[in-house]
Amino acid sequence: MFQPVAGSAHFPTLETDVIRFWKERRIYEKSLARPAPQGPFIFFEGPPTANGKPHPGHCLTRAIKDLFPRYRTMRGYRCERKAGWDTHGLPVEVEVCKELGIHSKAEIEAFGVEPFIHKCQESVWRYMQQWERLTERLGFWVDLEAAYVTYHQTFVESVWWSLKTLFDRGLLYQGHKIVWWWAQGGTALSSGEVGQGYREVADPSVYVKFPLLDDAGKPTDTSLLVWTTTPWTLPSNQFAAVHPDLEYSIVQSLAPGDTPGGAPAHGDKLIIASALVETIAKKVGHELQVLSTCKGTDLLGKRYLPPFDYYWQKDSGNEDTGNPIPMGEVVATIVSTGSRIHVAWRVVEAEFVTIDSGTGIVHIAPAFGEVDFQVLLREQSQFRDGMGPPLICAVASDGTFTKDGPEFCRGRWVKDCDKDIQRDLKRHGLLFHQEQYLHDYPFCWRADNDPLIQYPRKSWFVKTSQYKDQMLANNREINWLPEHIKDGRFGNFLESNVDWALSRERYWGTPLPIWVCEKTGRQEAVGSYDELLQKPGIAGTDVWLKAKQANPKLVDDLRVHKPYIDAVTYDSPFSPGARMRRVSEVIDCWYDSGAMPFAQWGYPHQNQAKFREQWPADFISEAIDQTRGWFYSQLAISTLLFGPDAKAESGKLKADDTANRLLPTAHSSFPHPFRNCIVLGLMLGEDGQKMSKSKRNYREPNEIFDRYGADALRWYFFASQPPWTTIRYSEQSIKDSIPEFLLRLWNCYSFFVIYANIDGFDPDKLLSGDVGQLDASVLSRAKSYRPIKERSELDRWILSELHRTAAAVVERMDAYDNYTAASHVTAFVDALSNWYVRRSRDRFWAADKQAVDKLDAYWTLYECLLTTAKLVAPFVPFLAETLWQNLAVAATNGRAAESVHLCDYPSGDATVVDEQLSTQMNLVCDVVSLGRNARVGAKLKVRQPLAKVEIVLAQPKYQAWLESHAGLIREELNVKSVEFAAKADQYVSYSVLPDLKKLGPKVGKRLPAIKSALTTVDAPTLLSQLESTGKVVLTLPDGPVELTGEEIQVRMTAKEGWAAAHGPQAVVVMSTELTPSLIAEGWARELVHAIQGRRKDLNCEYTDRIRVGVVSESAEIAQAVQEFGDEIKGETLCVDLHGKPIAGVTPEESTLAGKPLALYVEVVRS
RNA sequence: GCGCACAUAGCUCAGUUGGUUAGAGCGCCACCCUGAUAAGGUGGAGGUCCCAAGUUCGAAUCUUGGUGUGCGCACCA
C-alpha cells in the first residue's frame, strides 16, 4: 500500500520532514559509503565568511555546489564535501572595532592586541548558526563537522609551509608598495574600500616651473611647466616625465606688460606639449608665443631644478671620495651603456603621459603614486644595485611632513600645507598659474573627513609575475563555464599579473612566518609551530602559556596568532648573540583561501595521502567576483607551489626538508588545483540593483524557505536560466516554480497513489524479495508486469520519452549544463502530466481491476515516477525523497533502497527509446490541438460530440499510423469518426515554398527569383507535376531551374467557412452538423458534468456510489437521460438514475437546454 | 581609457552550425475542460530582436562602428 497523499502539498513542511529523516538515518554519510566504481569526484568548498549574514546570492552558490556532487554521487562517484570557513581579515577587525566603538590602529593598540584578537576569534562565528541552518535547510550536503577553518593551527601551519617553500625558492620578497593610506588610522585600504569613498572635491591645481639646467648645472631661462593637484607632493619630486612621441613647444610667455623681443623675466620661456599651448594660454589669459618645437625624446635626460631643494642639497652619502656630494649632483653609471648620468631630477619618458589635462609634462613623486613609483623602479634598474636614485619621501606615515619637508611645513598635515606651498612657489617665481580643480578623490570610508593619500609602505610580495606564463598555461587547461572566462576576464587578469602584495599591517590574520635577525637583518621562514619550537634558544612561548593558564577557555589555535607568536624569538644563526624576531605583518586572507586545497588537510604536516587523493578538484563554483579572489589565489598558489618548477626547485633544497619531498606528483600536469569551474553570475536584487541590506531589495532566505520551500528556490536557480547569467532575484519566479514544475510532478504522483490504492495495486504484494532500487530489472520480476514491447503505444511512448530524457539529462549534466538538463526534465514532466496521465485516466478508472491494460498503465506510470524521482533527486532533493519514501520504501514495506539519494542515477535505456514513436505522438498532439482550435473557432464546446473530423496531412506517410490512433483522436476531440481527406481542395489552399536551407547552397543568388516564381505559379499544378515527374521545373528570366520534392515544401492553409485550423503538418476540419442524437449525447455529457460537480460538493469519496434524480421539463433532457443513461451512470458511479425528485435531498437548481433543471444527488450508504 | 559580458513581448528569460511565420513561462483578455481540481487546455493581444553600416540569395544569429547597462582593470599627475 502507498500512504495516502494530500491533493495539495505544502512543500516547506514536507522538506523539514525530509531533513529530519536524512539526519536521523545519516543518509549523507551512507551516500559516501556507497560503492564508487567511478572513483572520487573531488569538490572544493570555497570558504564563505560566517562573519556576515547569508543572502540569496549565497543560496545560489550553495545550491550549485550541492547539485553536481549529488549528481555525481548517484552516478557512482565518491564525492566528499568538506565544508570550510574563511575567518581572517579586515572585515572581521572592522566588525569588532564597530562593537568597541573604535577606529584606528592606535586605538586597537590602546585597547590591547591580545583582547582584540580574542574578540576577533569570537566574532568570526557570529552568524555561524544562520549559515549552518541555511546550509541544512537548502539541502546542501556538506560535512560541516569536518569543516576546515582558516584560523586553526593546522591550517595556519599549512600556509606557513607553503610560504616557507616560496621563501626558500626566492619567491617571497620584501619591497615597497604604494598604497592608499589612511594616515590618521595608520592603515592601508583595499581597492574595494577605496572605491567606496570617492567624493568630488575642489583641490588646488597648480602649474609650476621646473627651470632647466645647462650642461654646467646652471639654471637657464627655460622651464618645464608641470601641473599637479597635490602641491604637497612637490617637495618629494624626483623626475619630470614626458611622452616620447608627443610634440612639445618652447613658448614665450607674454604676460600683460611684456613685449615681444623685450627682455624676458627669469624662466618664463616654458616647455609645454604643443597640443596644450592654446588651452593653457586661455587659462592664464595671455598669449604664449611658440618659439620652437621638439619631440618628447629630445627632452629626455635634460636636468632641471626641483621646486624645493632639501633633497637636492642633501648629502648623498654614497660617494667614496669622502667629500660630501649633494644628491642633486650625484652621477652614476648606466649598466647597459656604461655612460654616466645624474640619477635624479631629469626628464624621463613615460607612456602614461597624456594631453587630456595638465601640460604634457608630469611631476613624478614616486612616494605618492603607483605609476610614479614604477618610474622610479625602472630608473633604479638602469644602475647597479644601490647606485640608482633612492626613494625620497618627505612625509611621515601619520601624514605630516618630516624634517625633510620645507621648514614651514614640518609636522603639519600635508593637505593643510598646500596653500603655504603655493605661496612659497609664488615667492620664488616658480608658480606660473593656479586655480581650483574639481575631481573625485578618495576619502576613508570609516572617517568621512579623512582624505586618503598614496603612500609607500614596506610590503612582502609573492613573485607571481615570474610565473605568469605557467599560470596562463594552467588556465588554458581549465574547463571554464561559461567558456569566455578563460580567455576573457580571467585570462586578461592573468595577462596583467603583478606580484602579489601579500602582507597586511594588521592583527587578525595568518602571521607571516618570517623571523629576522635583529643584527644582520637576515631572514628565515618557519614552516610550522613545532619547527619554531625546535629553534635554538627559543623564548617567549611562555606568553601564550600564561595567557592560557589565566584563561583556560582560550582556543589553542590562537597560539600561532598575534600577539603570542610575536613574542617568540630564538637565537640567530646569522650572528652570535643576536635574536631572531618575527616581522610584524599578517598576510592577505585571500592567500588563506587559495591555500585551502592543501591547507584544509593540514598538508604536509599531516594527511599527506588524503591530500594526494583529493587533489586537484574536479569541480568548484563561485560567483564571478571571485575571478581576482579565490579563482586567482588558488591558481597562483598551486602553479607556484605544484607547477613544473616546483619539482626542479625542490631538488635543490635541503634533502631533509620533508615538506618538499611531498609535492604531489600524481596529477602535476595542468590544470590544477581545479579542472571545472562554473562561474556564477552576480545576483541582483528585485530592483535590478546590487543586493544590499540597506535597500532591502531581497527577502531573507529563511522566509523563502518557509513560504515556498527550498526545492522551489533550487528549481528556480537551476531551471530558469544558465547559472552564469546575471540573475535578477525574483520572488515571483521562485513562487512560479511550484505550479510550473513541483506541483505538476506532485499531481502525477498523487493521482497515481490515489488510484493505485483504490485498485489495490500494491508493489509489496506484487514484488517479492529484495527490490533494491526498483529499477527496470527488478520491476520486470513482478507479477502482472508485462514487457514494455507488449504494452500499448501510449505506454511505450511515455517510457520512450522517459529514457530519452534520462539520457539527455545525463549528457547535459556531465557537461555541467544544469539549465538544459532541467529543461529536459520539465518537458518530460509536462508530457507525463498533460498527455500520458490525462490520456490514461480511463484506463485507471476501468472497472476490471485485473485488466491487463489497466495494470500496464500502473506499471508504466509507476516506473515513470520512480525514475523521475531519481532524475530530479540532485535538483529537488526533498521532493524526490518524499516521492521515493512513499513510492518505493513505504510501498515495499521498507524493502527498497533507504533513500533516493542512495540510488544510481538513471541514464536511459536506449532499447526503450523509439524516436519514430515520439515523432508520431507529436503529430497526434498537433492534430488534437488543431482540432480544439477549430472547435473554438466554430464555438463548439468539447462536450458537444460531433460526427467527424477530417484530417489533411502534409505528408501522407503518417496517415496509416494516425489511423491506428483514431480512437485517441476521437476521444480527445469528442467526435464519432476520424477521416482523412484525400481531395482536400475544398478545405485547403496550397502554396509551395522553397526549402531555403537546402536550396540556398545550390542556387545561391537565384533564390529570390525562385521564391517569387513559386508564389506566382499555381500550387496544384506544381504538385501534380511533382507527383508525375518527381520534380518541378520553373522558368526564370535567366533560364529554367529544376527542383526536386526535397527542395520544396508544401504549406496548407485552411479555407474560410470551415471549422478548420492549420498547422505545419496538417489541416484539421471539424464537421459542424449536429443530429438529434449528437445533441442528446451532448446533453448527457452536460448532465455528467453537473452530477460530477454535485459529487464534489457533497465531498464524495472516489468510490462512493450515488443515486440521481434529474427533474426537467425539457424533452431533450429526458431523451438524453433515456438514451445515454448507462453512460451517465458509468461515468458518475451512479446506481440509480431516474427523472423524479429524491425525498429528503435538496436539489441543485440550474438551467439546461433552456429549461430549469433540478438535480437530486444522494450518496448510497452501504 | 582598456577589457569582459549583456541588450529579444508588460515582466523573467530561451533561441542549437545564418534559413521560411522569432519562442516559453508569468501577467492580461476571451473561451474551454475537469473526480489529479488552490491544477489543466485552447486562442488572443503584446516584438523597429538596442541603433547604424557591412558580409550574404537570406542576419536576432557573422563582421565593424556606435548607444545603453553590469562587472572588472588601469588612471585620476
Side-chain angles (χ1 to χ4, degrees), chain A residues 5 7-8 191 198 226-230 233 241 350 352-354 356-359 361-365 368-372 439-442 482 484-485 487-493 495-496 624-625 627-628 681-682 684 688 690 716 720-722 724-728 730 732-733 735-737 739-740 743-744 746-755 819-820 823 826 833-834 837-838 841 844-845 929-933 935-937 939 941-943 993-1001 1003-1011 1049 1051 1061 1064 1089 1092-1093 1095-1096 1100-1102 1131-1133:
Chain A
V5 171
S8 63
S191 65
Y198 274 93
V226 302
W227 176 66
T228 180
T229 54
T230 49
T233 62
F352 59 78
V353 175
T354 67
D356 295 342
S357 56
T359 64
I361 305 176
V362 174
H363 146 62
I364 300 287
F368 307 115
E370 178 72 39
V371 285
D372 304 48
H439 65 162
D440 287 329
Y441 195 87
H484 63 75
I485 298 287
D487 295 317
R489 188 167 292 200
F490 195 71
N492 287 337
F493 178 70
E495 284 287 355
S496 60
I624 192 163
D625 55 359
T627 1
R628 297 178 308 138
L682 225 63
L684 304 176
K690 215 172 162 174
Y716 160 67
S720 59
Q721 67 271 303
W724 43 80
T725 49
T726 305
I727 166 170
R728 181 131 153 212
S730 155
Q732 187 56 45
S733 303
K735 204 171 164 180
D736 288 344
S737 63
E740 277 170 27
L743 203 51
R744 199 172 280 183
W746 182 267
N747 284 337
C748 295
Y749 157 71
S750 90
F751 175 90
F752 171 81
V753 170
I754 288 167
Y755 290 102
Y819 173 71
T820 312
S823 68
T826 306
S833 170
N834 289 324
V837 172
R838 195 160 59 85
R841 273 188 287 214
F844 291 104
W845 296 338
S929 170
L930 288 171
R932 287 209 199 93
N933 185 350
R935 270 183 173 272
V936 170
K939 294 203 190 311
K941 35 163 74 176
V942 181
R943 266 200 290 268
L993 293 166
D995 185 327
L996 297 176
K997 210 163 182 174
K998 291 190 180 114
L999 223 40
V1003 302
K1005 293 196 185 215
R1006 300 178 78 193
L1007 201 53
I1010 294 172
K1011 230 167 159 180
Q1049 293 173 340
R1051 176 170 301 164
H1089 175 60
Q1092 299 286 36
R1095 282 187 64 111
K1096 209 159 121 192
C1100 287
E1101 290 299 319
Y1102 291 100
E1131 291 277 322
T1132 59
L1133 297 185

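Because only heavy atoms are used, hydrogens play no part in the values below, and waters and symmetry mates are left out as well, while side chains stay in. In what follows, every chain begins at residue 1, and chains take the letters A, B, ... in the order their sequences are listed.
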When rounded to whole Å, the CZ to P distance for the pair A:Arg841 and B:G41 reads 12 Å
Counting side-chain heavy atoms from C-beta on, which of B:C57, B:A36, B:C75 comes nearest to A:Trp845?
-> B:A36
Rounding to a whole Å, what distance do you find between A:Ile364:CD1 and B:C75:C1'?
-> 13 Å
Sugar-phosphate only, base, or nothing, as touched by A:Val371 at under 4.0 Å among non-hydrogen atoms | sugar-phosphate
Here the distance between atom C1' of B:A77 and atom NE2 of A:His363, to the nearest Å, is 7 Å
Length of the CD-C1' vector between A:Glu495 and B:C2, whole Å = 14 Å
Using heavy atoms to find the nearest nucleotide of RNA chain B for A:Arg943 and A:Thr228 separately, return the residue whose nucleotide is more 5′.
-> A:Arg943
Among B:A77, B:A36, B:G19, which is the nearest nucleotide to the side chain of A:Thr229?
-> B:A77
Quickly work out the A:Leu996 CG to B:U21 C1' distance and round it to whole Å.
-> 12 Å
Of the nucleotides B:A77, B:A36, B:C75, which one has an atom closest to the side chain of A:Glu370?
-> B:C75
Closest contact, heavy atoms only, A:Phe490 versus A:Thr627 | CE1-O, 3.3 Å
Can you find a pair of side-chain heavy atoms, one from A:Thr726 and one from A:Ile624, that are under 4.5 Å apart?
-> no
Could you check which of B:C75, B:A77, B:C57 has an atom nearest any side-chain atom of A:Leu1007?
-> B:C57
Side chain of A:Asp736 (C-beta onward), nearest among B:C26, B:A77, B:C33 | B:C26
Out of B:G40, B:A77, B:A36, which has the shortest distance to the side chain of A:Tyr755?
-> B:A36
Hey, can you tell me if A:Phe751 and A:Phe844 have their rings parallel, tilted or perpendicular (30° and 60° cut-offs)?
-> perpendicular
Between B:C75, B:G3, B:A77, spot the one nearest the side chain of A:Asn492, thanks.
-> B:G3
Length of the CD-P vector between A:Gln1092 and B:A39, whole Å | 20 Å
Want to settle it: does A:Asp487 or A:Ser496 sit nearer the 5' end of RNA chain B, counting the closest nucleotide to each?
-> A:Asp487
Rounded to the nearest 0.5 Å, what separation is found between the CD atom of A:Glu740 and the OH atom of A:Tyr716?
-> 12.0 Å
Does B:C32 have OP1 or OP2 sitting under 4.0 Å from an N or O in the side chain of A:Arg932?
-> no
Would you give a per-nucleotide map of nucleotides 5-14 of chain B, 5' to 3', where B means the base has a protein non-hydrogen atom under 4.0 Å away, S means only the sugar-phosphate does, and - means neither?
-> S------SSS
Nucleotide of B:C26, B:U42, B:G40 approaching A:Ser929 most closely (side-chain heavy atoms) | B:U42
When all nucleic acid strands are considered with a 4.0 Å heavy-atom cut-off, which category describes A:Arg935: base, sugar-phosphate, or nothing?
-> nothing
All stems with RNA chain B, defined as three or more consecutive Watson-Crick or G-U pairs under 3.5 Å = B:1-7 with B:67-73, B:10-13 with B:23-26, B:28-32 with B:40-44, B:50-54 with B:62-66
Decide yes or no for A:Arg744 and A:Asn834: does some side-chain heavy atom of the first lie under 4.5 Å from some side-chain heavy atom of the second?
-> yes
Distance, rounded to the nearest Å, where A:Ile485 contributes CD1 and B:G72 contributes P | 13 Å
Interatomic distance, A:Ile1010 CD1 vs B:U20 P [rounded to whole Å] | 17 Å
